[in-house]
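The next block holds one structure in the form of structure tokens; read it before the comments.
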There are 2 protein chains.
Amino acid sequence: MGNFKIGELAAAAGVGRDTIRYYERMGLLREPARTAAGYRLYDATDLERVNFIRSAQELGFTLEQARKLLALRASDTAHAQAVLDITLAKIADAEARLERLSDIRDMLRMLADECPGEVPVSDCPILAFLTARRKDQQHNKKLQAAQDERSSLAKGVLS
Amino acid sequence: MGNFKIGELAAAAGVGRDTIRYYERMGLLREPARTAAGYRLYDATDLERVNFIRSAQELGFTLEQARKLLALRASDTAHAQAVLDITLAKIADAEARLERLSDIRDMLRMLADECPGEVPVSDCPILAFLTARRKDQQHNKKLQAAQDERSSLAKGVLS
DNA sequence: ATGCCGGTTGGACCATGGTCCAGGGTCAAG
DNA sequence: CTTGACCCTGGACCATGGTCCAACCGGCAT
């Protein structure tokens, strides 16, 4: 039957060999059967699992979450609610990121719009904005609102 | 005059001591003067630099970009255009991330909306979606458009 | 039998932005 | 003089998702 070796599985799934072994170490793939020579032997269900994992990744799930989703899928007592919970958490996470990231974009856009380009750096409003911080910021009306905003921009937004 | 030791600088800037030393290693801060005992000695301009770096980070700049911005600021020949270029690239980057991330959110929301919760995992449309992949996907009309969409969702969206 | 491709292992390494630790030295107060 | 708070260095370690490496073994063609 359709048994394949690691390179074949990797090629079929569109990943590297090392990625397959990595998934195995991470508990995402079962320990496969082996040939007498120690070669890993996979079948169609393994390929399907790798494809599942890649799909989950494309939707923004981490490998750890993919592992949980696979476990839920394999359970015959679990309810879809558990999957939904993970998904809803992911949505909330995405929305939080979206909000912070769009705040940043707005801020950058505003600064970019004010920057004439053809001036010496000493007149660059972007550098001025980065320089004026936590003190002496009672002048510059245009950026004041933005500065209030900025305080709410936490770390890790593009992480 | 206002010379401070590393702990004082760190406290004033709201970062850890190790972060200051890290910035120094990364070339973000100059090598400071030292006391006879080898203690680093900082002044107000160092604090201002750290504050600048933190501000840049809050706007989504990496430390490497912050380093470049600092170099531009210190230059007396550079033009604001260079800063603007970095900023525009950052905006473009933010917009690309926003788009991919909002695609993902939409996709997840669609799947979540279809999941009734109170069914066994075998009937979970989210798992079904992750399972049906790259083959046998000519059925299921509701998700078809979404699947087309999905193909364009590259990696690293929430990274 | 020789070459070559592909498999095996364990471990190092990448980026990012730090954090923490051991094993010292310094400095001011009590 | 001792205690405690601070400082020094170099290096290990964290998460994330892999990638690459050396050094070795298996299997097939020529």
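Just so it is clear: chains get the letters A, B, ... in the order the sequence lines come, proteins before strands, and each one is counted from 1.
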Contact under 4.0 Å: [X] side-chain N or O vs [N] OP1/OP2:
{"X": "A:R54", "N": "D:dG18", "result": "yes"}
{"X": "A:T19", "N": "D:dT19", "result": "yes"}
{"X": "B:R21", "N": "D:dC8", "result": "yes"}
{"X": "A:Y23", "N": "D:dG17", "result": "no"}
{"X": "A:Q57", "N": "D:dG18", "result": "yes"}
{"X": "A:R40", "N": "C:dG7", "result": "no"}

Please tell me if the side chains of [X] and [Y] come closer than 4.5 Å, counting only heavy atoms from C-beta onward.
{"X": "B:I53", "Y": "B:Y23", "value": "yes"}
{"X": "A:L70", "Y": "A:F52", "value": "yes"}
{"X": "B:K5", "Y": "B:Y42", "value": "no"}
{"X": "A:R73", "Y": "A:K68", "value": "no"}

Over how many whole Å does the gap from [X] atom [atom1] to [N] atom [atom2] extend?
{"X": "B:L29", "N": "C:dG18", "atom1": "CG", "atom2": "P", "result": "11 Å"}
{"X": "A:E24", "N": "C:dG7", "atom1": "CD", "atom2": "P", "result": "14 Å"}
{"X": "A:I6", "N": "D:dG18", "atom1": "CD1", "atom2": "P", "result": "14 Å"}
{"X": "A:L63", "N": "D:dT19", "atom1": "CG", "atom2": "P", "result": "11 Å"}
{"X": "B:Y22", "N": "C:dT16", "atom1": "OH", "atom2": "P", "result": "9 Å"}
{"X": "A:K5", "N": "D:dG26", "atom1": "NZ", "atom2": "C1'", "result": "10 Å"}

Can a donor-acceptor pair under 3.5 Å be found between the side-chain atoms of B:Y39 and the base atoms of C:dG25?
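Flag set: donor-acceptor pair detected.
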Check step by step if salt bridge (Lys or Arg N to Asp or Glu O under 4.0 Å) holds for A:D18 and A:R21.
CA-CA 5 Å; A:D18 284 340; A:R21 287 190 279 247; 3.2 Å; yes
Using heavy-atom distances to pick each residue's nearest nucleotide on DNA chain C, tell me which of B:D18 and A:L41 is more 5'.
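Closest to the 5' end, via its nearest nucleotide, is A:L41.
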Along DNA chain C (nearest heavy atom to each residue), the more 5'-positioned of B:I53 and B:A36
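The residue mapped nearer the 5' terminus is B:I53.
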Can you work out whether B:G38 or A:A37 has the more 5'-proximal nearest nucleotide on DNA chain D?
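It is B:G38 whose nearest nucleotide is closer to the 5' end.
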Out of D:dC7, C:dT19, D:dG18, whichever nucleotide has its closest atom nearest the side chain of B:R17:
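The closest nucleotide is D:dC7.
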Please determine, for the side chain of B:R34, which listed nucleotide (C:dG18, D:dC8, D:dG17) has the closest atom?
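Comparing C:dG18, D:dC8, D:dG17 against the side chain of B:R34, the answer is D:dC8.
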